[in-house]
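First comes the structure, then the notes that go with it.
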Amino acid sequence: MSKIAIIGGGIAGLATANLLQQQGHEVTISEREHGLPTKGNAFLMHPAGLEVLHKLTQDTQADFLPGEYVGHFNLYSQTKVQLEDKSLNPWKCIKRKDLIQFLYSLVTAKNIYNGRLFSHFEFENGNAKKAVFTNGEIEEADFFIGADGSNSIVRKEVFGLTEYTDTEVKEIVCVTHFPEFAKKYKGVFTKFQDVTQGRAVGFIPSTDNEVVWFFQYDVSLADLEDEKPETMRKFCETNLADFPEEVQRLISENDFNTSYLWRTRDFDPLPKFHKRNIILIGDAAHLALPFTSAGTTNALVDAKVLTDCLAETTDFQTAFDRFYELRHKEVTAQIYLGRKLKLQFLTPLNFQKLDVPLI
Ligand SMILES: Cc1cc2nc3c(=O)[nH]c(=O)nc-3n(C[C@H](O)[C@H](O)[C@H](O)COP(=O)(O)OP(=O)(O)OC[C@H]3O[C@@H](n4cnc5c(N)ncnc54)[C@H](O)[C@@H]3O)c2cc1C
């Protein structure tokens, strides 16, 4: 069995650690945050991601997992003309904090080292031998998994500087204590899409008392001057004044101290996900724009596919090649789909029929 060091204890890192432990490997996770990395709000999980979560728990009881099922999607224009009304597969809306806590609870050997910010590798005969952290600690392993998210430093170490695309769309993401809406819209994802320019608001109940919602906007129309809660509130009030009453209610009920500004961007597909004995997974390996709402599902699917590949062979180079072969087409397609959907979002009048993305 191999000694494996995972850098980044987010969704991909924790899920991979769990599956590797099930296979009997010796695994450590090094995470920069000092406690649970629970920043962020919530996301939609596709059935493929839910399947991996069930596999992690070895449990077929869906209710064991955190989150609320989302079985229906209602799309309206900004003037509340219904554009779409369809069933989903179903998906689940899960708060990031709940999912991280859930994954932490499954790591049996407590080999999670917090407060470790990855700095660089030390190499021997071309292979990484040690991961070095800024606090001076080091981790030796047979191979290393970079699961350190969209701004991955492991990626920089392996492939050099990443050229990210410019941020053309931002998202204000909020979780609002709003039992009335949580009850009324249970199981339903409601979205209001401006059909003339780049603005959209979507909301979904994430618990019995809370609703997750986002305001997605074209930064060339207007942008926030700063990220102070009051600035965000005024920005939403001003730029969504012509949106339906539901949106006005969400703004007035929300505590903007807890809101999060997401600057969306991506990068071109990588030619490989590994170099020698270092492999990237999750957002570190491939980043699609949020329009595909696939980031978390991809992180979980990567964990499952990589660990399946490692179970099939004792040669991890073969496993890494196989992992790339199995995953790169799908994640590359999502990167380009994300870009196409962004273009439609920014210039809806140039399209006869909009493929309106869910998120
Ligand atoms: C507000 C918001 C809303 C989102 N909504 C959706 C959605 O609706 N649907 C969806 O599918 N996805 C969504 N996402 C994206 C989703 O959260 C990520 O795509 C997904 O979590 C990827 O998992 P990951 O493990 O690769 O990265 P992350 O979950 O970001 O984990 C990376 C981890 O690495 C740690 N780390 C970073 N750098 C270092 C370092 N140098 N050393 C050590 N540790 C490090 C971080 O602290 C973090 O814990 C959203 C993201 C945000 C922020």
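Atoms within a ligand are numbered from 1 in the order they appear, just like the ligands themselves.
A cation-pi contact, defined as under 6.0 Å to the ring centre and within 45° of the axis, links K92 to Y69.
Listed by number with element, the atoms of ligand 1 under 4.0 angstrom from any heavy atom of A299 are 22 (C), 23 (O). Ligand-side atoms of ligand 1 in range of G149: 27 (O), 32 (C), range being under 4.0 angstrom from any heavy atom. In summary, the atoms of ligand 1 found under 4.0 Å from a heavy atom of A42, numbered by their order in the structure, are 3 (C), 4 (C), 5 (N). The distance from ligand 1 to the heavy atoms of Y260 drops below 4.0 Å at these ligand atoms: 1 (C), 53 (C). Under a 4.0 Å criterion applied to the non-hydrogen atoms of L117, ligand 1 contributes the atoms 40 (C), 41 (N), 42 (N). Numbered from 1 in the order shown, with element, the atoms of ligand 1 that lie under 4.0 Å from a heavy atom of R116 read 42 (N), 43 (C). Within ligand 1, the atoms closer than 4.0 Å to a non-hydrogen atom of A294 are 11 (O), numbered from 1 in the order shown. Every atom of ligand 1 with a heavy atom of L44 under 4.0 Å away is listed here by number and element: 7 (C), 8 (O), 9 (N), 11 (O).
Looking at R32 next to ligand 1, an N or O pair under 3.5 Å apart turns up. Between E31 and ligand 1, an N or O atom pair is found at a separation short of 3.5 Å. On a distance-only criterion, V173 and ligand 1 share no N/O pair closer than 3.5 Å. Any N or O atom pair closer than 3.5 Å counts here, and S150 shares no such pair with ligand 1. Note: no N/O pair closer than 3.5 Å links I281 and ligand 1 by distance alone. At least one N or O atom of D283, backbone or side chain, sits closer than 3.5 Å to an N or O atom of ligand 1. Every N/O-N/O distance between I153 and ligand 1 stays at or above 3.5 Å.
Aromatic ring centres of F235 and Y217 lie closer together than 6.0 Å. Aromatic rings from F320 and F316 are positioned such that their centres are separated by under 6.0 Å.
The residue from H286, H46, R96, R263 that puts a heavy atom closest to atom 28 (P) of ligand 1 is R96. Summarising the contacts of atom 32 (C) of ligand 1 with G8, G282, A147, the nearest heavy atom is found in A147.
Of the candidates F181, Y76, F73, F214, F181 is the only one forming a ring-ring contact (aromatic ring centres under 6.0 Å, His included) with F203.
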